[in-house]
Amino acid sequence: EIKEGLRKFSSEVKDSGKALILDSDFKVIKEVSARSIASSLKRAEGNPAAVVMDGSVTGSLIDIAEETGIQAIMASNFSATSDKIQLLSL
């Protein structure tokens with residue numbers, strides 16, 4: 001399940017200011033600062049499927065994630081919601 005696959009990364013990013021972009025096999029495609037996650041997602045290579053981040057998920061980030069095909073985001077908090085992406089607390 002997606003939640004279990006992402007859970008193992010939560011301790012790695014908690015209180016770090018980091019974000020991880022993962023593929024569907026839960027392999028890290030890229031590690032970036034949580035602040036630059038939106039622009040990094042736009043440029044992400046491979047097949048990004050999930051994001052685990054220490055930060056707040058905004059509506060604009062969700063829009064970009066939906067365009068990129070992200071299936072799940074695990075973050076410390078959310079200021080927006082999505083019908084297409086599974087949103088999980090860190």
Check: Is atom CG of Asn47 surrounded by more than 12 heavy atoms (other residues, nucleotides or ligands) closer than 6.0 Å?
Finding: no
Next item on the list: Please round to the nearest 0.5 Å and tell me the distance separating atom CD of Glu31 and atom CZ of Phe9.
Entry: 10.5 Å
Check: Just wondering, do Met74 and Ser89 contact through their side chains at under 4.5 Å, heavy atoms?
Finding: no
Check: Is there a chain of hydrophobic side chains (I, L, V, M, F, W, Y, each step under 4.5 Å between heavy atoms) that links Ile2 to Val57?
Finding: no
Checklist line | Polar side chain donor-acceptor pair, Ser16 to Asp54, under 3.5 angstrom | finding: no
Check: If you count the non-hydrogen atoms of other residues, nucleotides and ligands that lie under 6.0 Å from CZ in Arg35, is the total more than 12?
Finding: no
Next item on the list: Could you state whether Val13 and Val28 fall into the same hydrophobic cluster, counting links through intermediate Ile, Leu, Val, Met, Phe, Trp or Tyr residues with side-chain heavy atoms under 4.5 angstrom apart?
Entry: yes
Notebook entry, point to check: Is there a side-chain contact between Gln71 and Gln86 (heavy atoms, below 4.5 Å)?
Noted result: no
Check: Sub-3.5 Å donor-acceptor pair from the side chain of Asp23 to the main-chain atoms of Asp25, do we have one?
Finding: yes
Next item on the list: Establish whether Leu22 and Val32 are linked, either directly or via other cluster members, by ILVMFWY side-chain heavy-atom contacts under 4.5 Å.
Entry: no
Margin query: Is any side-chain heavy atom of Phe78 closer than 4.5 Å to one of Thr58?
Written below: no
Check: Are any non-hydrogen side-chain atoms of Leu88 and Leu6 less than 4.5 angstrom apart?
Finding: yes
Check: How many angstroms lie between OG in Ser40 and CG in Leu20, if you round to the nearest 0.5 Å?
Finding: 11.5 Å
Item checked: Side-chain donor or acceptor of Thr68 paired with backbone N/O of Ile70 under 3.5 Å -> no
Next item on the list: Mind checking the CG-CG spacing from Asn77 to Leu87? Nearest 0.5 Å is all I need.
Entry: 11.5 Å
Check: Taking atom types as modelled, is there a side-chain donor on Ser33 or Ser36 under 3.5 Å from an acceptor on the other?
Finding: yes
Next item on the list: List the atom of Ala65, the atom of Ile85, and the distance in Å for their closest heavy-atom pair.
Entry: CB-CD1, 3.5 Å
Checklist line | Inter-residue atom distance Glu4.CD - Phe26.CZ, 0.5 Å rounding | finding: 9.5 Å
Notebook entry, point to check: When clusters are formed by joining ILVMFWY residues with side-chain heavy atoms under 4.5 Å apart, either directly or through shared neighbours, do Val52 and Ile37 land in the same one?
Noted result: no
Next item on the list: State the OG-CG distance between Ser76 and Leu90, to the nearest 0.5 angstrom.
Entry: 5.5 Å
Item checked: Nearest atoms (heavy-atom pairs only) where Ala49 meets Ser24 -> CB-N, 3.6 Å
Next item on the list: Show your reasoning for whether side-chain contact (heavy atoms from CB on, under 4.5 Å) applies to Leu41 and Ile21.
Entry: CA-CA 8 Å; Leu41 259 186; Ile21 301 173; 4.1 Å; yes
Item checked: Least distance between heavy atoms, Ser82 atom then Glu66 atom -> OG-OE2, 2.8 Å
Next item on the list: Indicate if Ile64 and Val51 have the same hydrophobic cluster label, given that clusters are the connected sets of ILVMFWY residues with side-chain heavy-atom separations under 4.5 angstrom.
Entry: yes
